[in-house]
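This report refers to the structure that appears directly beneath it.
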Amino acid sequence: MSQILSLPIKEPLKRSLRSKEEIRAYLIREEKEDKDAAQRHADEKALEAFGLIPKDFPLDSFLIDVLTEQVAGLYDPKSKEFYIADWIPGDQQRDVMAHELTHALEDQSYGIDRWIKAARPNDDAELARDAVSEGSALAAMVDYALRDTHVGVRDLPDVTLLIRTGALAEMDKDPNLSKAPVYIRDALLFPYLAGTSFSQQYLKAHAGWPDLKLVFQNPPVSTQQILHPDFYLKGVGPQKVTLPKWKGLVPADWRLLEENVLGEFGLQEVLKQFLGQQRADQLSPAWDGDRYAVFEDSKTKKTPLVFLLALETADDTARYFEEYSEALERKYAVRTQLHRQRGFLEFRTSTGGVFLHCVALQCLAVEGATRKTFNSIDRAVGWPAAPAAKGAPLSVALPQLEDGHSGERGTLALPAR
């Protein structure tokens, strides 16, 4: 692997076979050391607020169960040791070792764990760096497997086809993973699938593995650059989106749990959750930066959400308003007092008001707030006031039709694109 990657061996490695119980214990320990309980709580509430996992879903224990079954090997940068699961057949152990030894060699040259976590607190940027780590290790494993054929990952048309027909087919047999929310499965796979595709395109655009050092010197800043390697190669990054200071702006009972970046991958997952894969794939590339804040109401324990998104063109903004309006209506099947005007949507739910306001190349969504709080946030963003409802509010609390649209869209839908 040192020869394939053109990376030096700087120190020897400890290595061992580990039982399922030992790997599970390692995963639990790493989870607790990586993030404290407050941060894990904030992460869960953010996923709940976006509708990516069900309320009170046991995220931590579920991930431990899935990873215990799926992990074939591990590299521990703290102990400088790599493990192989003792139930992996002998003929597969060398490929697993190729993957883990890539992590070890990258760690010895670039301090991989520190390098990934240096992106914090930007979750999207951290996921992008994780995709470089896992994707390059998987691409190197492919080169190891093909070492006697004089063909490498740079010669293949789409390396992810090998992964989809191999490792993914095995993962799909896991009964735990088959029950997982769609987002969980996609988030687990993203660093491997998108990361390997990115690594392949990066290696093709450079002189192969000897130039791997350049991506560690200049890491991708978003999952957008992983999904669209040309953006990274051309140095095109997202806009920096900022939210206002919250003190005095939101109710005193609202405790800020987290402020972070959803990213193109995250937006794609939200759209996929409510609009389906095809529409998500078409709309999510319009992402050009975002910032969200998730709160917890200390009295009601509800989780209000503020999400400010930047888009690339005015056409993208108009299309996003139309489609995200539908996503919000699907998310909240029972709603009242629906009001819609050009670039503005408002309705009431059991958890509070839901608002979507789009101006120029940005859209602001606020969920679980009063109109007064929304107006305060809207003004703090620096926008003109959102339009008020004309006349009596329209009461809407209709059942979902078979195609998922609610009945009122027949009379209130925006013009077709």
* **E100 (side chain) donor-acceptor with Y75 (main chain) under 3.5 angstrom** => yes
* Asked: Just checking, any donor-acceptor pair under 3.5 angstrom between side chains of T223 and D124?
  -> yes
* Asked: Can you name the residues that form a side chain to side chain donor-acceptor pair (under 3.5 Å) with S133, not counting sequence neighbours?
  -> H103
* E81 bridged to R18 by N-O distance under 4.0 Å -> yes
* Could you tell me whether E367 and K331 make a salt bridge, using a distance below 4.0 angstrom between a side-chain N and a carboxylate O? => yes
* To do: Please confirm whether the backbone N or O of W287 pairs with a side-chain atom of Q224, one donor and one acceptor, at under 3.5 Å?
  => yes
* Asked: For E296, what residues pass the side chain to side chain donor-acceptor pair (under 3.5 Å) criterion, not counting sequence neighbours?
  -> H41, R255
* Pair R24 + D65, salt bridge at N-O below 4.0 Å -> yes
* To do: Look at atom CD of E33 and say whether more than 12 heavy atoms of other residues, nucleotides or ligands are closer to it than 6.0 Å.
  => yes
* Please indicate whether R94 has more than 12 foreign heavy atoms, meaning atoms of other residues, nucleotides or ligands, lying under 6.0 Å from its CZ. => no
* Structure fact -> Given the options R40, R120, R29, K78, D34 meets salt bridge (charged side-chain N to carboxylate O under 4.0 Å, His left out) only with R120
* Asked: How are the rings of F265 and F190 set to each other: parallel, tilted or perpendicular (split at 30° and 60°)?
  -> tilted
* Asked: Does a side chain donor of either D76 or S79 reach within less than 3.5 Å of an acceptor in the other side chain?
  -> yes
* Asked: Between R279 and E323, is the closest basic N to carboxylate O distance under 4.0 Å?
  -> yes
* To do: Answer yes or no: is there a donor N or O on one side and an acceptor on the other, between the side chain of R154 and the main chain of L203, under 3.5 Å?
  => yes
* Structure fact -> Hits for side chain to side chain donor-acceptor pair (under 3.5 Å) against E22, two or more places apart or cross-chain, chain-then-number order -> S19
* Are D86 and K20 within salt-bridge range, i.e. N to O under 4.0 Å? -> no
* Asked: Are the side chain of N260 and the backbone of P121 linked by a donor-acceptor contact shorter than 3.5 Å?
  -> yes
* **Sub-4.5 Å side-chain heavy-atom contact between I28 and I64** => yes
* Asked: Please, which pairs that meet disulfide (SG to SG under 2.5 Å) have at least one residue in residues 273-363, sequence neighbours excluded?
  -> C358-C363
* Asked: Counting N and O atoms only, with roles assigned by atom type, does the side chain of D316 sit under 3.5 Å from a partner on the main chain of A286, one being a donor and the other an acceptor?
  -> no
* With a 4.0 Å cut-off, would you call D253 and K299 a salt bridge? -> yes
* L146 versus L156: any side-chain heavy-atom pair under 4.5 Å? -> yes
* Structure fact -> ring-ring contact (aromatic ring centres under 6.0 Å, His included) filter on Y26, not counting sequence neighbours, yields Y83
* Charged N to carboxylate O below 4.0 Å: is that the case for E269 and R185? -> no
* Heavy atoms, side chains only, cut-off 4.5 Å: are D288 and L311 in contact? -> no
* Structure fact -> E264 and P285 have their tightest heavy-atom pair at OE2-CA, 3.5 Å
* **D107/K80 salt bridge by N-O under 4.0 Å criterion** => yes
* Do K301 and D297 pass the salt bridge (Lys or Arg N to Asp or Glu O under 4.0 Å) test, and can you show the C-alpha distance, the side-chain angles, and the key distance before you say yes or no? -> CA-CA 5 Å; K301 300 305 177 184; D297 190 309; over 6 Å; no
* To do: Ignoring hydrogens and angles, tell me if any N or O in the side chain of Q93 forms a donor-acceptor pair with the backbone of I88 under 3.5 Å.
  => yes
* For H339 and Q337, test the side chains for any donor-to-acceptor distance below 3.5 angstrom and give the result as yes or no. => no
* Structure fact -> For residues 196-205, the side-chain hydrogen bond (donor to acceptor under 3.5 Å, both in side chains) pairs (sequence neighbours left out) are none
* Asked: Counting only N and O atoms by type, is there a donor-acceptor contact under 3.5 Å from the side chain of R330 to the main-chain atoms of F274?
  -> yes
* To do: Evaluate the side-chain proximity of F344 to F355: yes if any heavy-atom separation is below 4.5 Å, no if none is.
  => yes
* Asked: Is there a donor-acceptor pair under 3.5 Å between the side chain of D155 and the backbone N or O of G152?
  -> yes
* To do: Check whether the side chains of S136 and E106 place a donor and an acceptor atom closer than 3.5 Å, and report yes or no.
  => yes
* Asked: Taking only residues at least two apart or on different chains, which pairs with a member in residues 271-313 satisfy disulfide (SG to SG under 2.5 Å)?
  -> none
* For residues A314 and L361, report the shortest heavy-atom separation together with the two atoms involved. => N-CD2, 3.3 Å
* Asked: Can we call the ring centroids of F50 and F307 under 6.0 Å apart?
  -> yes
* Sequence neighbours excluded, which residues qualify as side chain to side chain contact (heavy atoms under 4.5 Å, CB included) partners of A360? -> none
* In terms of ring plane angle, is the pair F295 and W246 parallel, tilted or perpendicular, where the classes change at 30° and 60°? -> perpendicular
* Return yes if a side-chain donor-acceptor contact under 3.5 Å exists between Q362 and T317, otherwise no. => no
* Can D158 and T160 be counted as having a side-chain donor-acceptor contact under 3.5 angstrom? -> yes
* So, for Y232 and N218, which heavy atoms are closest and what is the spacing to 0.1 Å? -> OH-O, 2.5 Å
* Considering non-hydrogen atoms only, spot the tightest contact between I116 and R129 and give its length. => O-CD, 3.9 Å
* To do: May I have the step-by-step check of side chain to side chain donor-acceptor pair (under 3.5 Å) for R379 and N375, ending in yes or no?
  => CA-CA 6 Å; R379 284 194 301 269; N375 286 343; 5.6 Å; no
* Looking only at side chains, do T370 and T373 share a donor and an acceptor under 3.5 Å apart? -> yes
* Could E258 and K45 be called an ion pair, given the rule that one side-chain N must be under 4.0 Å from one carboxylate O? -> no
* disulfide (SG to SG under 2.5 Å): which pairs involve residues 254-322, sequence neighbours left out? -> none
* Structure fact -> Y292 and L305 have their tightest heavy-atom pair at CD1-CD1, 4.3 Å
* Residue pairs, two or more places apart or on separate chains, that pass disulfide (SG to SG under 2.5 Å) and touch residues 281-348 -> none
* Can a donor-acceptor pair be found between the side chains of N122 and E126 at a distance below 3.5 Å? -> no
* To do: Using modelled atom types only, decide if a donor and an acceptor are shared between the side chain of D290 and the backbone of G263 within a distance under 3.5 Å.
  => yes
* To do: Would you confirm whether Q225, through its side chain, and V236, through its main-chain N or O, come within 3.5 Å as a donor-acceptor pair?
  => yes
* Set of residues satisfying side chain to side chain contact (heavy atoms under 4.5 Å, CB included) with respect to L63, sequence neighbours excluded -> L59, I184, L188
* ring-ring contact (aromatic ring centres under 6.0 Å, His included) contacts in which one or both residues fall within residues 105-130, not counting sequence neighbours -> Y110-F216, W115-F216
* Could you walk me through whether H99 and E134 pass side chain to side chain donor-acceptor pair (under 3.5 Å), step by step? => CA-CA 8 Å; H99 184 100; E134 295 298 348; 3.1 Å; yes
* Shortest non-hydrogen contact between L356 and A365, atoms and distance -> CD1-CB, 4.0 Å
